[in-house]
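These notes are about the structure you will find just below.
Labels below follow one simple rule: chain letters A, B, ... track the order of the sequence lines, proteins then strands, and each chain is numbered from 1.
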Amino acid sequence: MINFGFTVWIVLIPLIIFVLVGFFGNRFKPVVSGIVGTSGLFVSMALSYYTAYQYFFNVPRVGDAFQKLIAYNTVWLRLTEKLHIDLGVLLDPISVMMLIVITTVSFMVHLYSIGYMKGEKGYERFFSFLSLFSFSMLGLVIATNIFQMYIFWELVGVSSYLLIGFYYTKDTAVAASKKAFIVTRFADVGFLIGILILSFTTGTFDFITLTDPNGTAITQGGGIMFLGLSTMTWSMIFVFMGGAGKSAMFPLHIWLPDAMEGPTPVSALIHAATMVVAGVYLVARMFPIFHFSAPVALDVVMYVGAFSSIFAAVIACTQFDIKRVLAYSTMSQIGLMMFALGVSGYGEEAGLGFMASMFHLFTHAFFKALLFLGAGAIIHAVHSNYMNEMGGLRKHLPITHITFLIACLSIAGIPPLAGFFSKDEILAAGHEKSLFLFILGLTISALTAFYMFRLYFSIFWGKEQNYHHTPHEAPKVMTIPLMLLALGAIFAGLLPFASFVTSDGKPLAMHIDLAIAIPAVLVGVFGALTAMVFYRKETNIPEKISTALGGFYRAAFRKFYMDELYLFITRKIIFNYVSRPIAWFDRHIVDGSMNGVSYVTNEVSTRIKSFQSGQLQQYAWVFVTGAVALALAFIYLWTN
Amino acid sequence: MLIMRHELLLVAITVILLLVEIFLPQDKKHKIILPAILLMALVTIIGFIPGPTGVLFGGMYGTSPLILLMKNILNIGVLIIFTQSVSWLKLEEQKEKIGEYFVILLSTLIGMDYMISSGDFLMFYLGLELATIPLATLAAFERFKEKSAEAGVKLIFTSALSSGILLYGLSMIYGTTGTVYFPEVSAAYASAPLQILAFIFFFAGMAFKISLVPFHLWAADVYEGAPINVTSYLSVISKGAAVFIFMIILYTVFNKIALMWRDVIYVISILTMTLGNLFAMRQRNIKRFLAFSSIAQAGFILLGIIGQSQLGMTTVVYFVLVYIFSNLGAFGVAAIISSKTGKESIDDYDGLYRTNPMLSLTMMLALFSLAGIPPVAGFFGKFFLFTAAAKQGMYILVFIAVLNTIISLYYYLLVVKAMFLNQSDRPITYFKSDVYTKLGLAMCIAGIIIIGFASPVYEFILKLSYGLY
Amino acid sequence: MDILTLFIVIPVLTIIGIVFSKDHKQVKWTAAIGMGLQLIAAATLIILFLMERKAGNMAEMLFVKDLVWFPSLNIHYLIGVDGVSVAMIGLTAIVIFAGIFASWEVEELHKEFFITLILLSTGVFGFFISLDLFTLFLFYEIAVIPMYLLIGIWGSGPREYSAMKLTLMLMGGSALILVGLLGLYFNSNPSGGQLTFSLLAISKVHIPVEIQKFFFPFLFIGFGVLGALFPFHTWSPDGHASAPTAVSMLHAGVLMKLGGYGCFRVAVFLLPEAAHELGWIFIILTTISVIYGALGAVWQKDLKYINAYSSVSHCGMVLFAILMFNKTAMTGAVLQMISHGIMTALFFALIGMIYGRTHTRYINEMGGLMKVMPFLGVAYVIGGLASLGLPGFSGFVAEMTIFVGAFQNVDTFHRVATIIVVSSIVVTAVYILRVVGILLLGKINNEHYEHLGDAKWYERVSTGVLIFGITAIGLAPLWLSEMISGGLGPIIQRLLMASPIH
Amino acid sequence: MFEGVPLTWFLIVATLMFFIGIYGFLVRKNLITILMSLELILNSVNINFVAFNKLLYPQHLEGMFFTVFIIAVAAAEASVAIAIIINIYRRLVNIDVEKMEEMKY
């Protein structure tokens with residue numbers, strides 16, 4: 001069995017690049033740091049492919065289930081006797097799969113941004129932050145214990161803050177980055193509380209002991225009830241809250257659309273393929289506990305996932321900024337993944353939902369990254385984000401057009417492409433759970449197809465706008481990643497995914513159940529056609545329908561006023577009615593009381609000033625009465 | 001003969017100075033300064049030579065090692081005051097009266113020595129009167145200033161009244177116990193109403209001298225009116241001597257009614273500290289400021305007396321020693337400034353550090369020692385006083401005392417603020433002070449810094465104070 | 001000359017050196033060399049200490065030296081260090097070293113400035129090495145008084161007012177401590193033997209619970225005043241706002257830790273039963289001060305006030321962790337003291353440097369400084385992220401240890417308090433990012449900020465040392481947490497013995 | 001002729017004189033008259049001493065010694081007081097005790 005010690009380098013290389021480019025980047029020409037960053041990622045990617053191959057094919061399996069391997073582990077900080085935080089590398093099917101996804105997408109984005117960011121000020125700063133992000137995301141994925149995952153979780157949050165706020169002279173970018181960081185930070189508090197409760201009840205951070213089905217954690221974890229739910233359920237709900245924050249699930253999704261302020265490669269890498277799926281990965285990693293000790297928490301995951309998916313899909317149909325549309329589509333797809341995990345059981349057959357969710361994560365990473373990079377190329381050419389300012393670009397940007405089309409087909413779930421296979425598994429899992437969920441899945445796929453093709457047709461078809469200079473195809477260095485990702489989007493579906501990644505490690509036979517596949521494809525095609533009818537040529541049908549829907553349309557367009565609600569809470573409540581009174585209270589009451597004490601002493605001393613009147617006889621009078629009073633008092637006190 | 005050596009030596013040098021003063025021509029009066037200081041230094045040094053102690057005049061006069069130490073401490077104080085009053089004496093108005101200043105001062109010192117080593121109330125009364133009456137003349141020393149005359153009047157009249165009340169108390173003691181000798185009185189003393197009245201009147205007399213609260217009103221005006229060196233003498237030496245004899249009498253004569261006078265002192269010390277501090281906060285004149293600060297310090301000294309133990313006695317003697325050095329340090333600076341520039345208000349001290357740094361550093365050290373801030377000796381003095389009081393379990397009193405140290409720190413820092421923080425367009429200009437003042441201030445600074453850390457000083461006092469209690 | 005007294009001798013020698021140096025340059029360099037030596041001494045102390053521990057010397061205190069000072073009152077110059085005090089000495093050495101470089105441009109009365117500053121640090125060093133309550137109290141007051149002169153003379157804004165308020169409140173605290181010490185002294189030997197001030201001797205003696213409950217509030221509030229306990233923290237915003245850079249660095253960075261260290265070493269260690277009985281009152285107060293400080297900081301306009309309130313919040317967390325009475329939380333408390341010490345020092349240094357350039361501390365008047373002074377900008381962001389609790393910096397290590405430690409207590413009162421404290425890190429994030437957003441990012445809103453210069457060499461040294469401190473602890477905290485928890489053995493054992501079985 | 005007069009009468013007279021003296025001290029305006037009331041107080045104490053010694057403890061004469069010394073000291077005190085009063089008169093041209101309040105608060 002080979003020693004996987006080298007896997008540590010997959011994580012460390014991006015860190016070294018971050019340090020090198022960060023400190024010495026500005027000494028060389030900008031492009032040098034681009035090349036250094038990209039080559040570093042390439043080495044990581046190669047290493048992770050090698051690890052995947054070794055892990056899936058050369059590692060002996062116990063009862064043909066993949067084993068969790070600790071490739072490297074050191075104690076970082078010892079807390080109590082039982083609890084200690086370690087840093088190490090844990091290899092198991094989902095973490096190896098994630099290694100491949102992250103390194104590939106990150107490499108593509110690096111390659112792409114050499115071209116995209118050419119001529120930008122702070123070029124090396126961008127690449128150093130990108131490698132910082134890759135380092136933290138890889139670290140998160142290979143975590144051996146939940147605390148190490150929390151550590152890299154925070155680092156991922158910070159690097160997304162730095163990258164969203166890259167154009168720091170733009171106020172909207174600064175506000176967006178601040179919002180993203182604070183919302184994820186709020187969710188991380190939940191995650192931390194979850195960890196604390198979990199670690200206290202089970203007495204360990206370590207994943208292997210935690211997630212071992214017949215291990216101590218799960219068997220006797222249930223224990224104490226608190227407000228009706230067992231502590232394990234509470235901890236899992238809080239942990240999921242952390243995941244929901246990072247994966248922009250319903251209550252905590254407001255930061256994702258604003259995160260589009262960052263440069264498009266950033267959105268491609270962080271807000272499409274890697275960071276946002278961290279929440280899904282977290283639930284997948286903790287799946288045995290979710291399933292055995294906290295089924296209620298699993299239902300919460302399912303409902304939140306489903307609702308976020310439908311909610312985002314509806315909003316996506318109304319947006320005009322192409323990056324916002326893609327952002328909401330990402331939110332919707334991740335909702336689906338959460339939904340799939342929510343419905344899944346544990347064991348061979350029951351774990352279908354788990355496998356489907358991972359599969360969808362795998363394929364979604366490719367075509368969503370492709371969509372974003374495509375959108376980047378379009379914006380690069382047209383210098384505007386808004387759909388209504390584009391049209392008929394298929395002549396000017398041929399490669400982007402074809403790759404964009406492939407991605408749209410794939411996400412819509414059209415058979416030969418990857419999207420179809422993974423979405424089909426999800427719908428199958430949903431079907432197993434209940435019919436209503438299956439129908440819900442279908443409506444979501446329909447909406448997905450509709451807004452994707454609405455996007456496609458209004459960009460590449462429709463009337464040509466008067467661009468002040470004719471849009472030109474993106475340079476070679478940007479189109480190559482597009483093409484490579486397009487290949488990924490096409491062939492990723494064909495991989496025998498079920499034989500590698502399943503809930504309990506044992507391979508699963510994967511079969512397409514026609515009864516689910518056909519309605520899914522039909523619904524997809526129906527969505528695409530309606531979009532074609534609406535947007536292929538200049539028509540006023542969309543306006544008519546939007547006025548027809550009236551209030552609902554306006555609400556959807558305004559993102560159901562979620563932003564205003566959050567703004568109201570933070571701006572009004574916290575700022576004006578909490579921290580301002582506290583500041584006032586501190587300045588006047590607490591400080592005032594201290595000054596009051598000194599005021600009183602001064603006042604008393606001026607008030608008794610006349611006691612010292614300068615009159616000799618007044619002194620004598622006080623002298624005598626003092627003596628006599630003292631004498632009488634003590635005679636009275638002491639004689640009886 | 002040798003037992004009374006301290007008083008005899010003082011009498012000798014007083015007579016010598018009188019003779020010298022007679023033979024000095026009119027315009028050479030300042031020539032007396034050097035011999036006076038040298039003689040005083042000689043007496044102080046000789047005082048430290050250990051010698052026999054015992055009882056004379058059939059119990060009227062008695063000394064013990066502790067009493068000798070007390071006299072030596074007073075001698076050191078007087079020596080420093082002599083050095084500090086030189087620049088004032090050389091001024092025009094005092095030109096022809098320099099000799100009188102020294103003679104009167106030494107006679108009051110003789111009175112105090114007799115008072116401290118008195119064995120019965122008669123010797124105590126005589127010592128007390130000899131210590132106070134001449135002071136009134138000193139207070140009125142500056143003939144051309146109304147303030148000094150007013151101070152003289154206030155001092156002589158209130159001291160006469162207080163000695164009248166004291167005598168009434170003594171007569172009651174004599175009446176009830178039939179004797180005036182301390183050992184016999186303490187044997188015969190019970191807590192009969194008349195005897196309590198007698199004790200309270202005695203306490204009133206002494207409280208006047210130590211300026212405890214209900215009897216302190218004279219202090220501020222006299223301290224402000226009198227010339228600054230006389231004020232420092234009043235606040236340090238006369239108060240120190242009064243504290244010493246007050247403690248000795250309480251511990252030896254009134255030990256039977258110890259529980260009773262402990263409550264008296266408990267009440268009076270809180271009153272003194274608080275009122276002393278409250279008044280001191282507002283003062284602008286440096287002499288009046290130091291007057292109220294010394295009243296507050298008297299309140300702290302009572303904490304030691306309340307200790308009623310060997311520890312209490314030692315801490316009181318130790319604190320008086322530290323108090324002498326710190327107070328004379330502050331008064332020394334105030335004296336040199338007022339004699340050189342005539343300015344006596346704290347506002348005139350603005351920006352003093354920028355013009356003459358050494359003086360302001362001395363003043364700061366002295367004030368910090370008065371406030372009880374480490375590393376200077378005042379911290380150790382105050383800490384040990386609180387230990388003595390805490391030994392009696394009076395934590396509430398210690399807490400009130402400690403709160404008072406904060407208020408006292410406030411107004412001491414006001415002076416430091418004036419000197420260091422405030423800028424002023426016409427600060428006190430730089431002036432060179434003469435050799436004597438430098439010597440006096442150097443002695444004070446040395447005392448403030450060394451006595452704190454040097455534990456043998458404290459241990460020496462502790463060893464001596466076994467006898468009395 | 002054993003190593004511990006060296007920490008008193010070096011500053012005194014530096015002061016003497018400064019007194020005899022002539023011009024500004026010589027004064028600065030003597031001070032820098034002196035404090036550099038101090039830093040080296042601290043480093044050697046840590047190494048020696050770790051070697052000693054590794055060599056199996058499990059004595060409670062190492063490098064103990066005992067000189068009799070006042071035989072009759074049994075006061076000794078008793079010094080010794082354990083894991084906690086070694087860590088604190090290290091913190092003080094780093095902060096004072098950075099402080100010297102942060103005050104490189106003090107022109108007015110520079111000689112007196114450095115003398116008082118180093119006198120202050122002598123008091124702090126003395127405090128951390130002394131084991132005799134009397135010497136501990138002596139050094140404590142030496143550390144407090146120079147603040148008056150430092151803020152009063154070299155401060156800005158309402159300096160007299162804040163200097164006086166700060167000194168009086170801190171002396172008020174020391175007044176309470178004095179009463180507490182005397183209480184301990186007179187109960188240090190119930191069997192009637194020789195009364196003692198020595199910390200170790202008193203910790204061996206069982207003081208009756210009633211007496212403990214009388215003196216515990218005195219001691220805890222006394223030290224708490226300096227550790228920014230809730231109602232007594234008002235000196236901190238004003239005091240820091242008008243203090244010069246190096247002074248507020250040293251004060252917030254180290255002096256506030258004296259409070260925490262005092263609570264832990266004197267109040268809780270010597271009066272364990274009372275700590276258990278009355279602990280809950282102070283838990284409420286410290287929880288308030290954590291949330292209160294953070295929320296207060298959100299609204300402030302002045303940079304120094306923001307940092308002052310954040311110090312109140314972090315120091316409140318230290319006291320909170322001490323009151324959890326378990327080994328992890330206490331280790332976390334000490335870690336938090338060290339990490340917050342360095343972080344606040346970094347913040348105040350940067351604020352001083354920014355103020356030196358823009359001559360205003362109001363954040364809405366400034367903006368977009370990142371472009372003009374990238375080094376200071378990046379340093380500020382690093383400081384912000386560290387105080388935010390980002391992994392990789394010491395803030396995270398300390399806070400996580402505190403939270404895990406605090407969670408060990410099972411009853412709901414502790415749990416609710418812990419959750420409130422944990423949620424305070426969100427509010428910290430809000431005000432840190434608000435400041436970073438307004439101050440550094442965004443467009444420059446004042447045209448003559450365009451040509452402001454970036455950090456000079458000595459400013460880089462000062463911030464560099466501090467940033468190295470935070471990242472070093474952040475990345476490799478094991479050696480430090482082991483050293484500290486090693487020192488906590490005796491106190492935890494005493495607390496367990498004293499804890500009422502409820 | 002003293003055999004008949006009991007001790008209490010002496011004490012009453014002395015106490016009356018004492019409090020008359022104090023009353024005089026507090027009320028009179030002229031410094032000289034205040035000085036006189038002071039003498040009154042001291043003499044009342046003398047009566048006390050002599051009465052106690054004669055009637056209670058005739059065997060040894062501490063009381064008498066005390067009285068002699070008190071008279072001597074009172075004389076010294078009076079002389080110093082008058083000297084200061086003259087000094088005041090030279091400066092303020094009047095010796096009204098209420099006028100002497102330049103130093104207060």
Open item on the list: Less than 4.5 Å to any heavy atom of chain B: does that hold for the side chain of D/Ile95, its backbone, both, or neither?
Closed with: neither
Task: B/Leu167 versus chain D, the contacting section by heavy-atom distance below 4.5 Å - done: both
Open item on the list: With chain D as the partner, which of B/Ser148, B/Gly178, B/Ser163 has the greatest number of non-hydrogen pairs under 4.5 Å?
Closed with: B/Gly178
Task: Pairs of heavy atoms under 4.5 Å with chain D: top-ranked of B/Ala149, B/Gly175, B/Gly164, B/Ala140 - done: B/Gly175
Open item on the list: Heavy-atom cut-off 4.5 Å, strictly under: side chain, backbone, both or neither for B/Ala220 against chain D?
Closed with: neither
Task: Exercise: do B/Glu184 and B/Thr179 side chains pair donor with acceptor under 3.5 Å - done: yes
Task: Nearest-0.5 Å distance, CD1 of residue D/Ile22 to CG of residue D/Leu40 - done: 10.5 Å
Task: Euclidean distance, B/Leu170 CG relative to D/Asn48 CG, rounded to 0.5 Å - done: 11.0 Å
Open item on the list: Give the interface residues of residues 24-32 of chain D toward chain B, defined by a heavy-atom separation under 4.5 Å.
Closed with: D/Phe25, D/Leu31
- [ ] Indicate the atoms forming the closest heavy-atom contact of B/Thr272 with B/Ser211, along with that distance.
- [x] CG2-O, 4.3 Å
Open item on the list: Suppose we call two aromatic rings close when their centres sit under 6.0 Å apart. Are D/Phe52 and D/Phe10 close by that rule?
Closed with: no
- [ ] Looking only at non-hydrogen atoms, find the nearest pair between B/Ala190 and B/Gln195 and report the distance.
- [x] O-OE1, 2.7 Å
TODO: For the residue pair D/Phe49 and B/Tyr174, categorise the inter-ring angle as parallel (less than 30°), tilted (30 to 60°) or perpendicular (more than 60°).
DONE: tilted
Task: Region of D/Ile34 in contact with chain B, defined by heavy-atom distances below 4.5 Å - done: both
Open item on the list: Sort by residue number and list every residue of residues 150-162 of chain B having at least one heavy atom under 4.5 Å from chain D.
Closed with: B/Glu150, B/Ala151, B/Gly152, B/Val153, B/Lys154, B/Ile156, B/Phe157, B/Ser159, B/Ala160, B/Leu161
TODO: Please indicate whether D/Gln59 has more than 12 foreign heavy atoms, meaning atoms of other residues, nucleotides or ligands, lying under 6.0 Å from its CD.
DONE: yes
TODO: Specify whether B/Tyr61 and B/Phe57 have parallel, tilted or perpendicular ring planes, treating 30° as the upper limit for parallel and 60° as the lower limit for perpendicular.
DONE: perpendicular
Task: Nearest atoms (heavy-atom pairs only) where D/Leu42 meets D/Ala74 - done: CD1-CB, 3.6 Å
TODO: Measure the CD1-CE distance between B/Ile249 and B/Met206 for me, rounded to the nearest 0.5 Å.
DONE: 6.0 Å
Open item on the list: Does any backbone or side-chain atom of B/Phe121 lie under 4.5 Å from a heavy atom of chain D? Answer side chain, backbone, both or neither.
Closed with: both
- [ ] Write down the atom of B/Ala226, the atom of B/Thr231, and the distance for their closest heavy-atom approach.
- [x] O-OG1, 3.4 Å
Open item on the list: Which one wins on heavy-atom pair count under 4.5 Å against chain B: D/Asn53, D/Thr15, D/Leu11, D/Asn46?
Closed with: D/Asn53
Open item on the list: Just verifying a value: how many Å separate D/Ile41 CD1 and D/Met36 CE, rounded to the nearest 0.5 Å?
Closed with: 13.0 Å
Open item on the list: Would you compute the distance between atom CG of B/Leu234 and atom CZ of B/Phe331 and round it to the nearest 0.5 angstrom?
Closed with: 9.0 Å
Without placing hydrogens or testing angles, list every side-chain donor-acceptor pair under 3.5 Å for residues 61-73 of chain D, not counting sequence neighbours.
unit_1  : atom_1 : unit_2  : atom_2 : d
D/Glu62 : OE1    : D/His60 : ND1    : 2.9
D/Thr67 : OG1    : D/Gly63 : O      : 2.6
D/Thr67 : OG1    : D/Met64 : O      : 3.4

Open item on the list: Please report the interatomic distance OG(B/Ser171) to CD1(D/Ile47), rounded to the nearest 0.5 Å.
Closed with: 11.0 Å
- [ ] Over all heavy atoms of both residues, which pair between B/Ala242 and B/Lys209 is shortest? Give the atoms and the distance, please.
- [x] CB-CB, 3.7 Å
TODO: Considering only heavy atoms, give the residues of residues 279-295 of chain B separated from chain D by less than 4.5 Å, sorted numerically, with 'none' for an empty result.
DONE: B/Arg282, B/Gln283, B/Arg288
Open item on the list: Please rank D/Asn87, D/Leu56, D/Leu38, D/Ile85 by heavy-atom pairs under 4.5 Å with chain B and give me the top one.
Closed with: D/Leu38
Task: Residues D/Tyr89 and D/Asn94: side-chain donor-acceptor under 3.5 angstrom - done: no
- [ ] Answer with side chain, backbone, both or neither: which region of B/Leu217 has an atom nearer than 4.5 Å to a non-hydrogen atom of chain D?
- [x] neither
